[in-house]
Amino acid sequence: MSQSKSIYRYGQYCPVARAVEILGDRWTLLIVRDLLTGTRHFNDLARGLPGISRGLLSGRLERLEEVGIIEKLEIDEGRRSTAYELTEAGDELLPVLEALMHWGARWAFGQPLENELDPILLLWWMRGRVHTERLPQERVVIRFDFQGADDGTYWLVLKEDDVSICLHHPGFDLDVLVTADIAAFYEVWLGRRAFWEAIRQRDVQVEAIPSLRRAFPDWFALSHSAEAVRAAVNK
């Protein structure tokens, strides 16, 4: 693994200082987080990090490649398609991120702020956590009517081989309508509140035929952080 350039140096011969020289830049650990949870392509990384410019994301990826945390692979030379893979050094950051997740859940994770409630980002995260093998039919169309800091209507189209986010009506019959306070839905997704508690308090409402309404929460795994958040809330 190569050493960091002098521009990033703290001037301390210390392993913590050396690690922070590589990982301490804004966005870097979130990029590593997403790579550790299976994101491989530039556009997908950009969708999961909507606050970062494409130029800055490109620079951060180049930096991570330079220091040996990721490698860039040509996966289809004819289409010039590339993917990013973690190296051994990158894979060994998993317990570091898990430790940060547990610490953050216990000591830094309170109520969501308004500027953190991005509905498209929430649906993007949910898209990657669908149990497609549990779907009751070939296609399930869900409409989300979010209320709160950023009102809006969005759709998820769930199929066994694909999950799509739509910002406009997808042209298929609706199966499930979810009306939710966006903050409450984030809290459910992150494990701060139980789904059925939010239903009882009417912060989340699901309208569908009874079999689909009962099955709806089983189609999604919660956030990778939900278990840590739930443990912290219940301490």
Side-chain angles (χ1 to χ4, degrees), residues 33-41 43-45 47-50 83 94 97-98 101-102 105 109 112 117-148 152-234:
R33 175 202 66 184
D34 288 358
L35 290 167
L36 284 167
T37 54
T39 306
R40 300 179 68 229
H41 301 286
N43 285 338
D44 290 343
L45 286 165
R47 290 187 186 103
L49 300 166
L94 177 58
L97 268 292
E98 287 180 337
M101 177 181 68
H102 284 276
F109 198 61
L117 300 175
D118 182 335
I120 298 175
L121 178 60
L122 175 59
L123 293 178
W124 176 254
W125 286 340
M126 292 174 63
R127 174 186 178 273
R129 301 285 284 168
V130 177
H131 294 299
T132 55
E133 74 281 0
R134 298 181 182 178
L135 297 178
Q137 56 201 47
E138 181 180 351
R139 178 192 297 116
V140 175
V141 179
I142 307 171
R143 191 178 97 192
F144 292 86
D145 287 350
F146 287 126
Q147 303 166 349
T153 297
Y154 310 89
W155 289 261
L156 280 182
V157 180
L158 314 182
K159 297 191 295 183
E160 186 175 351
D161 60 349
D162 183 52
V163 178
S164 300
I165 301 170
C166 300
L167 305 184
H168 305 283
H169 196 292
F172 303 115
D173 290 339
L174 184 67
D175 297 299
V176 180
L177 170 62
V178 178
T179 305
D181 175 82
I182 183 67
F185 209 84
Y186 256 99
E187 289 189 303
V188 169
W189 169 248
L190 268 300
R192 281 183 58 87
R193 295 179 66 180
F195 173 77
W196 293 112
E197 175 192 340
I199 290 286
R200 284 195 303 272
Q201 295 177 353
R202 301 188 65 79
D203 289 326
V204 176
Q205 299 177 58
V206 178
E207 299 176 48
I209 62 173
S211 61
L212 294 185
R213 185 176 185 274
R214 288 191 299 269
F216 169 79
D218 295 328
W219 299 337
F220 301 91
L222 294 180
S223 162
H224 291 281
S225 303
E227 185 176 348
V229 172
R230 189 179 295 116
V233 168
N234 293 330

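- Nearest approach of V229 to G191, heavy atoms of both residues: CG1-C, 3.9 Å.
- The line from CZ of F172 to OG of S164 is 8.5 Å long, rounded to the nearest 0.5 Å.
- Other residues, nucleotides and ligands place no more than 12 heavy atoms under 6.0 Å from the CG atom of D173.
- With hydrogens and angles ignored, the 3.5 Å screen pairs no side-chain donor or acceptor of R134 with any backbone N or O of W219.
- Across L158, D162, L156, a single residue satisfies side chain to side chain contact (heavy atoms under 4.5 Å, CB included) together with V130, and that is L158.
- D145 places no side-chain N or O within 3.5 Å of a backbone atom of T153 that could act as its donor or acceptor partner.
- How far CD1 of I142 is from CZ of F220: 4.0 Å, rounded to the nearest 0.5 Å.
- Note: Y186 OH to D118 CG = 5.0 Å, rounded to the nearest 0.5 Å.
- Taking the side chain to side chain contact (heavy atoms under 4.5 Å, CB included) definition, one finds that A194 meets it with E197, sequence neighbours left out.
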Residue pair D44, D34: steps toward the side chain to side chain contact (heavy atoms under 4.5 Å, CB included) verdict: CA-CA 9 Å; D44 290 343; D34 288 358; over 6 Å; no
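- Under the 4.5 Å side-chain criterion, counting only non-hydrogen atoms from C-beta, P119 is not in contact with F185.
- Rounding to the nearest 0.5 angstrom, the gap separating the CD1 atom in I165 from the CZ atom in F144 is 9.5 Å.
- Across L121 and R47, no two heavy atoms sit closer than the pair CD1-O, 4.0 Å.
- When all heavy atoms are compared, the tightest approach of I182 to G148 is CG2-CA, 4.2 Å.
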CA sep, side-chain torsions, deciding dist, call: F146, L117, side chain to side chain contact (heavy atoms under 4.5 Å, CB included): CA-CA 10 Å; F146 287 126; L117 300 175; over 6 Å; no
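- Closest approach of T132 to K159, counting heavy atoms only: CG2-O, 3.4 Å.
- The number of heavy-atom neighbours closer than 6.0 Å to CD of E98, taken from other residues, nucleotides and ligands shown, is above 12.
- Scanning all heavy atoms of the two residues, the minimum distance from R213 to I199 falls at NH2-CG2, 3.7 Å.
- The side-chain hydrogen bond (donor to acceptor under 3.5 Å, both in side chains) check on E138 picks up nothing, with sequence neighbours excluded.
- Side-chain atoms of V141 and P170, non-hydrogen and from C-beta on, do get closer than 4.5 Å to each other.
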Pair L135-E160, side chain to side chain contact (heavy atoms under 4.5 Å, CB included): steps then yes or no: CA-CA 7 Å; L135 297 178; E160 186 175 351; 5.6 Å; no
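- Listed here is the closest heavy atom pair of A105 and A228: CB-O, 3.7 Å.
- For the pair H224/R129, a side-chain contact is recorded, criterion being any heavy-atom separation below 4.5 Å from C-beta on.
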Check against side chain to side chain contact (heavy atoms under 4.5 Å, CB included), R193 and D203: CA-CA 11 Å; R193 295 179 66 180; D203 289 326; 2.9 Å; yes
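- Rounded to the nearest 0.5 angstrom, W155 CH2 and L177 CG are separated by 10.5 Å.
- With rounding to the nearest 0.5 angstrom, the CZ atom of F195 is 13.0 Å from the CH2 atom of W189.
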